[in-house]
Amino acid sequence: LTEPGGGMDPGRTHDIMNAELQFQKGKIFLKKRDYPSARESFGWAVKLVPEEGEYLAFLGVALFLAADNKQGGDALTGFRYLKKAAALNPSLEAAQLFLGTIYKEQKLKDIAALHFRRALEINPESVEARRELSVLAMKDSR
């Protein structure tokens, strides 16, 4: 990949490797619910490789989750990143799950369910999408 005329620029290869490292760190922070640190790591990944939909999706959800005001600037920026990620990669399950989560939190259950169903279309084995749809259905039956 890094040989002259035979592939990718060594600097670009370095950026991609560093972006992936930052992305993996961000996922760990996200699992720990350390949203500000996750936001920072995912932000670096996006800065290094801005065209990667998965990085954009995770940055989007981290921005939203880290925002104090879920109607404010960081939350809206996170939402925009998620929409961009879904447009860049329509088969990205995570983007649909994250969008569903945000819409659910905003009390827009029908739109949330639409995104969870899209996640199931992408991955019929998605336990998270099935669980979220079940939760929404239980709330509707009350």
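We use all heavy atoms of the structure for the numbers below, so side chains are in, but hydrogens, waters and symmetry mates are not.
A continuous path of hydrophobic side-chain contacts links L56 to F79 [ILVMFWY only; heavy atoms under 4.5 Å]. If you chain together hydrophobic residues whose side chains sit under 4.5 Å apart, F98 and I111 fall into the same group. Linking Ile, Leu, Val, Met, Phe, Trp and Tyr residues whenever their side-chain heavy atoms come within less than 4.5 Å leaves L59 and L76 in two separate clusters. By the criterion of side-chain heavy atoms lying less than 4.5 angstrom apart, applied directly or through intervening Ile, Leu, Val, Met, Phe, Trp or Tyr residues, F58 is grouped together with V46 in one hydrophobic cluster. A single hydrophobic cluster is not seen to contain both I28 and L30; linkage of ILVMFWY side chains at heavy-atom distances under 4.5 Å, directly or through other members, places them apart.
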Next on the checklist: One pair to check against side-chain hydrogen bond (donor to acceptor under 3.5 Å, both in side chains): S37 and D34. What are the steps and the verdict?
Outcome noted: CA-CA 6 Å; S37 296; D34 181 352; 2.8 Å; yes

Query raised in the report: Can you check ring-ring contact (aromatic ring centres under 6.0 Å, His included) on F42 and F23, steps first, answer last?
Result: CA-CA 5 Å; F42 294 137; F23 177 68; 5.7 Å; yes

Note to self: Let's go through F64 and Y35 carefully: what are the C-alpha distance in whole Å and the side-chain angles of both, what is the deciding distance for ring-ring contact (aromatic ring centres under 6.0 Å, His included) to 0.1 Å, and is it a yes or a no?
What the structure shows: CA-CA 9 Å; F64 183 84; Y35 303 129; 9.9 Å; no

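With a 6.0 Å radius and a threshold of 12 heavy atoms from other residues, nucleotides or ligands, Y81 has its OH atom at or below the threshold. No more than 12 heavy atoms of other residues, nucleotides or ligands shown are found within 6.0 angstrom of CD on E125. Counting heavy atoms of neighbouring residues, nucleotides and ligands inside a 6.0 Å radius, atom CG of D68 does not exceed 12 of them. Other residues, nucleotides and ligands place more than 12 heavy atoms under 6.0 Å from the CD atom of E20.
Between L82 and I102 there is a side-chain heavy-atom pair separated by less than 4.5 Å. Residues V49 and R12 are in side-chain contact: their nearest non-hydrogen atoms beyond the backbone lie under 4.5 Å apart. In this structure, the side chains of L136 and K104 come closer than 4.5 Å at one or more pairs of heavy atoms. Contact check for E128 versus R131: side-chain heavy atoms found under the 4.5 Å cut-off.
Rounding to the nearest 0.5 Å gives a distance of 6.0 Å between CG of L88 and NZ of K84. Q24 CD to K27 NZ: the interatomic distance, rounded to the nearest 0.5 Å, is 5.0 Å. Put simply, CD on Q22 and CG on L48 are 7.5 Å apart, with the number rounded to the nearest 0.5 Å. Atoms CG and CZ, on L92 and R118 in that order, are 13.0 Å from each other to the nearest 0.5 Å. One finds the CD atom of E54 at 10.5 Å from the CD atom of E93 (value rounded to the nearest 0.5 Å). We find the NZ-CG distance between K47 and D15 to be 10.5 Å, quoted to the nearest 0.5 Å.
Side chain of R130 to backbone of F116: no donor-acceptor contact under 3.5 angstrom is found.
What you find for A38 and G26 is that their closest heavy atoms are CB-O, 3.6 Å. Heavy-atom minimum distance, S41 versus K25: OG-CB, 3.9 Å. Residue S126 comes nearest to L120 through the heavy atom pair O-CD2, 3.8 Å, listed as atom of the first residue, atom of the second, then distance. Counting all heavy atoms, side chain and backbone alike, L63 lies closest to G78 at CB-CA, 3.8 Å. Residues L97 and A119 share a closest heavy-atom pair of CD2-CB, 3.8 Å. When all heavy atoms are compared, the tightest approach of A86 to L99 is CB-CD1, 4.3 Å.
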